[in-house]
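Beneath this line is the structure, given in structure tokens, with notes to follow.
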There are 2 protein chains.
Amino acid sequence: MIRKKSGHLRKPAVAAAARRSPCPVACALDILGDRWTLLVVRDLILGHTRFRDFIASPEGIPTNILSERLERLQRSGIIEQVPAQDGTKRLAYGLTGKGKALQPLLVALRDWGLEWEKGTRVGISNDEFRSSYGIGK
Amino acid sequence: MIRKKSGHLRKPAVAAAARRSPCPVACALDILGDRWTLLVVRDLILGHTRFRDFIASPEGIPTNILSERLERLQRSGIIEQVPAQDGTKRLAYGLTGKGKALQPLLVALRDWGLEWEKGTRVGISNDEFRSSYGIGK
DNA sequence: TAATAATACTTGCATAATGCAAGTAAAATG
DNA sequence: CATTTTACTTGCATTATGCAAGTATTATTA
């Protein structure tokens, strides 16, 4: 809903006309700027695709939050729902081109976190992490 | 406050013991994961230092939010308060080394936004933007 | 020197988002 | 066919957001 004061939005806008700013950083944050969204993208980059996979990550995302974030990421064209690859009728999620383009952002976040947040570590080696991100091919 | 379920935090943790995850991305998002914090860092990178400067950015950040974010960024060691450089008794803000290390993240956000959020643009040329970021020196 | 303006916040409050816990429904499994 | 698993939805208490107005200090102007 657009509020009275220019630029103030309660729901992140998609259309340019409803944007709080012409700045690409601000517009990116309207989609990505919360504690959970980029973690869902991280898990997809790491190869996880199923609702149960996201829940199993160490942060313990609440299921109503996960559901809401998956819905928003789909509406933003960053992920898509696809048939699960295990022969069942279940659905899985995948990154679109727009979503895969978030890799440099995740790498920068991870690198900053490793350097400046003591005690943090990735679950896999840096080489494996980079390999799964398609870096250094 | 640490909640009952493991990993659920209402206030972003600083100490490792209170983290929701060992993942550097998750820990970085505990500090940076909202719509306003990285915009404050953007403005500092662009050379703005004063409270009135942040307010003047196109997004129109509410003053209570700005105040709160500046306080949190200081507590996280990302920015510091310094005397204003205009000979008055007013104070200004500056990035620490930890804060300056966020440049690659801002560049990745901006580049993603420019590519995938149609109609967004930076206020200055890419060369000027990169120059002010110290990239390509 | 006093009045006015600018700056840097704080406060009150309504609304929205978050997140816990429990629940539901469909699909899968044994 | 019964049970389990998976993918959500719902209710509600708490927290965060953000508008508008206000306060206090500092700077500027007349």
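Each chain gets a letter, A, B and so on, in the order the sequences are listed, and its residues count up from 1.
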Scoring nucleotides 24-30 of chain D by protein non-hydrogen atoms under 4.0 Å (B base, S sugar-phosphate only, - none) yields -BBS---

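Minimum interatomic distance between A:A101 and B:W116 (heavy atoms only, all atoms of both residues): CB-NE1, 3.2 Å. Nearest approach of B:D34 to B:I31, heavy atoms of both residues: OD1-O, 4.2 Å. Across all their heavy atoms, B:T120 and A:C27 have their closest contact at CG2-SG, 3.5 Å. A:K98 approaches A:S76 most closely through the heavy-atom pair NZ-O, 2.8 Å.
Here D:dT15 presents its C1' atom at 12 Å from CD1 of A:I65, a figure rounded to the nearest Å. Nucleotide D:dA16 holds its P atom 13 Å from the CG atom of B:D30, rounded to whole Å. Spacing between atom CG of A:L66 and atom P of D:dT6 amounts to 14 Å, rounded to whole angstrom units. Summarising the geometry, the separation between CD on B:E59 and C1' on D:dT17 is reported as 16 Å, rounded to the nearest angstrom. Regarding B:D86, its CG atom lies at a distance of 16 Å from the P atom of C:dA6, rounded to whole Å. Put simply, CD1 on B:I61 is 16 Å from P on D:dA16, counting in whole angstrom units. A straight line from CG of B:D34 to P of C:dT18 spans 11 Å, rounded to a whole angstrom. The nearest whole Å value for the distance from the CD atom in B:E71 to the P atom in C:dA8 is 16 Å.
A:S21 places no side-chain N or O within 3.5 Å of a backbone atom of A:A26 that could act as its donor or acceptor partner.
Using a 4.0 Å cut-off between a side-chain N of Lys or Arg and a carboxylate O of Asp or Glu, A:D30 and A:R19 do not qualify as a salt bridge.
Proximity note for A:R50 (side chain, C-beta onward) versus C:dG19, D:dT17, D:dA7: the nearest is D:dA7.
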Please walk me through it: do B:D43 and B:R50 pass salt bridge (Lys or Arg N to Asp or Glu O under 4.0 Å)? CA-CA 10 Å; B:D43 287 352; B:R50 304 286 290 268; over 6 Å; no

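The side-chain contact (heavy atoms from CB on, under 4.5 Å) search around B:Q74 returns B:E71, B:I79, B:Q81, B:Y93, not counting sequence neighbours.
Both the sub-6.0 Å distance and the 45° axial angle are satisfied by B:R20 relative to the ring of A:W36.
Between B:W36 and D:dG18 there is a side-chain polar atom (N or O) within less than 4.0 angstrom of OP1 or OP2.
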Just the table, please: protein N/O against nucleotides 9-11 of chain C N/O, every pair under 3.5 Å.
from: C:dC9; atom 1: OP2; to: B:Y93; atom 2: OH; distance (Å): 2.6
from: C:dT10; atom 1: OP2; to: B:S67; atom 2: OG; distance (Å): 2.9
from: C:dT10; atom 1: O4; to: B:T63; atom 2: OG1; distance (Å): 3.0

